[in-house]
2 protein chains.
Amino acid sequence: MFSQATKYAIKSVIYIWTQSLEDRKVSAKEIGQKIGAPEAFTAKILQNLTKAKIVGSIKGPNGGFFADESHANFNLKDVVKIVDGDQLFSGCSLGLHKCSEKNPCPLHFEVVKVRKEIDIMLTSKSLKHLAVEVIKGQTQLGNII
Amino acid sequence: MFSQATKYAIKSVIYIWTQSLEDRKVSAKEIGQKIGAPEAFTAKILQNLTKAKIVGSIKGPNGGFFADESHANFNLKDVVKIVDGDQLFSGCSLGLHKCSEKNPCPLHFEVVKVRKEIDIMLTSKSLKHLAVEVIKGQTQLGNII
DNA sequence: AACATATTGGATAATTTTATCCGAAATATA
DNA sequence: TATATTTCGGATAAAATTATCCAATATGTT
């Protein structure tokens, strides 16, 4: 369902939020270690998330990645879109160029329902809320925290 | 959601069924052309589907791929599993090894709902039924038929 | 028997995704 | 100012996916 890069991105962003809620900035290195992802690859993904302003970053000592109220309007769907584009959310799931309500592919109407659930999954909770659940120990990102 | 190979596989199988319902066997070449997929790559995918007995094949002149009542118990979920494995249906969507009801990842419970819809999408109609819809012009596989 | 058609299987190539490396830029601290 | 830390950006490498090619096998037809 998600590319490897997107999996890392989702875990990274939630981890960044958990730490930002405790007023800590985190390095790409730390993030990679905590979520079990290769550090350099994680850094590349974080570059894109930063460029898209989904998280913030500061260079230098005591720098790192963080999230605050200025990033509170983004959700996991935005993260997925930044990393993987929006094939998951739009376009024909079988790759037909001319697929529409009037000229549907065999999966067209069923895919609508699947996508509705995917949307709910990725938009119903804020990134901050997801981080709070991790902090509370209700969910986990690895073998972390 | 689906790999390119799976997209081709789904379209191939449904196309084979449409032709088998008219008592025609079809070559890998014809399938590739009709569904807009590279012929050699399609042939490779068809090899796997044949090995899994999702469709039948006969070599030589007037040979080709076909489906009959002996293949009627398979559905699109089987096709997806043969080509892509079952990552879409099981395992943690974020790749966590220790993800469970008791120790869930942030998406665990939402993913259950998404997968329920994916299951419905891929199992509720038989391959034959999907082919009939194409034959009736209610759905399409390309710019075909 | 010879020939043409079609799948099968293996090897190879191209492309995309995943991953690594390194130097440059920014910045806090001593 | 010098140094250490950290992101940024580009180049490169490795692995997986997608795609192509060709020879071998099977089989129907002439």
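Please read these numbers as outputs of a predicted model, since none were measured by experiment. Both backbone and side-chain heavy atoms feed into the values below; hydrogens, waters and symmetry mates do not.
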Common cluster, B/Val55/B/Phe41, ILVMFWY with side-chain heavy-atom separation under 4.5 Å: yes
A/Lys128 NZ: over 12 foreign heavy atoms closer than 6.0 Å: no
Exercise: do A/Ser3 and A/Asp84 side chains pair donor with acceptor under 3.5 Å: yes
Nearest-nucleotide comparison on DNA chain D, the residue closer to the 5′ end among A/Pro61 and A/Lys51: A/Pro61
Atom-to-atom span, [atom1] of [X] to [atom2] of [N] - whole angstrom:
{"X": "B/Leu49", "N": "C/dT7", "atom1": "CG", "atom2": "P", "result": "13 Å"}
{"X": "A/Phe66", "N": "C/dT27", "atom1": "CZ", "atom2": "P", "result": "12 Å"}
{"X": "A/Lys25", "N": "C/dT27", "atom1": "NZ", "atom2": "C1'", "result": "12 Å"}
{"X": "A/Asn62", "N": "C/dA26", "atom1": "CG", "atom2": "P", "result": "19 Å"}

Residues which pass salt bridge (charged side-chain N to carboxylate O under 4.0 Å, His left out) with B/Glu117, listed by chain and number, not counting sequence neighbours: none
Distance under 6.0 Å and angle within 45° of ring axis: B/Lys77 vs B/Phe89: yes
Distances under 3.5 Å between nitrogen or oxygen atoms of protein and nucleotides 15-24 of chain C:
residue: C/dT18; atom: OP1; partner: A/Gln4; partner atom: N; Å: 3.0
residue: C/dA19; atom: OP2; partner: A/Tyr8; partner atom: OH; Å: 3.3

Applying a 4.0 Å non-hydrogen cut-off, can you work out what [X] is touching in the nucleic acid: base, sugar-phosphate, or nothing?
{"X": "A/Ala43", "answer": "nothing"}
{"X": "A/Val26", "answer": "sugar-phosphate"}
{"X": "B/Leu46", "answer": "nothing"}

Gap between atom CD1 of B/Ile14 and atom CG of B/Leu130 - 0.5 Å precision: 4.5 Å
Terminal contacting nucleotides, 5' and 3', DNA chain D versus chain B (heavy atom, 4.0 Å): D/dT18 to D/dT29
Nearest non-hydrogen partners of B/Leu96 and B/Cys105, listed with the distance: CD1-CB, 3.6 Å
Atom of B/Val79, atom of B/Ile10 and distance for their closest heavy-atom approach: CG1-N, 4.1 Å
Result of checking A/Arg24, A/Gln19, A/His71 against A/Phe66 for side chain to side chain contact (heavy atoms under 4.5 Å, CB included): A/His71
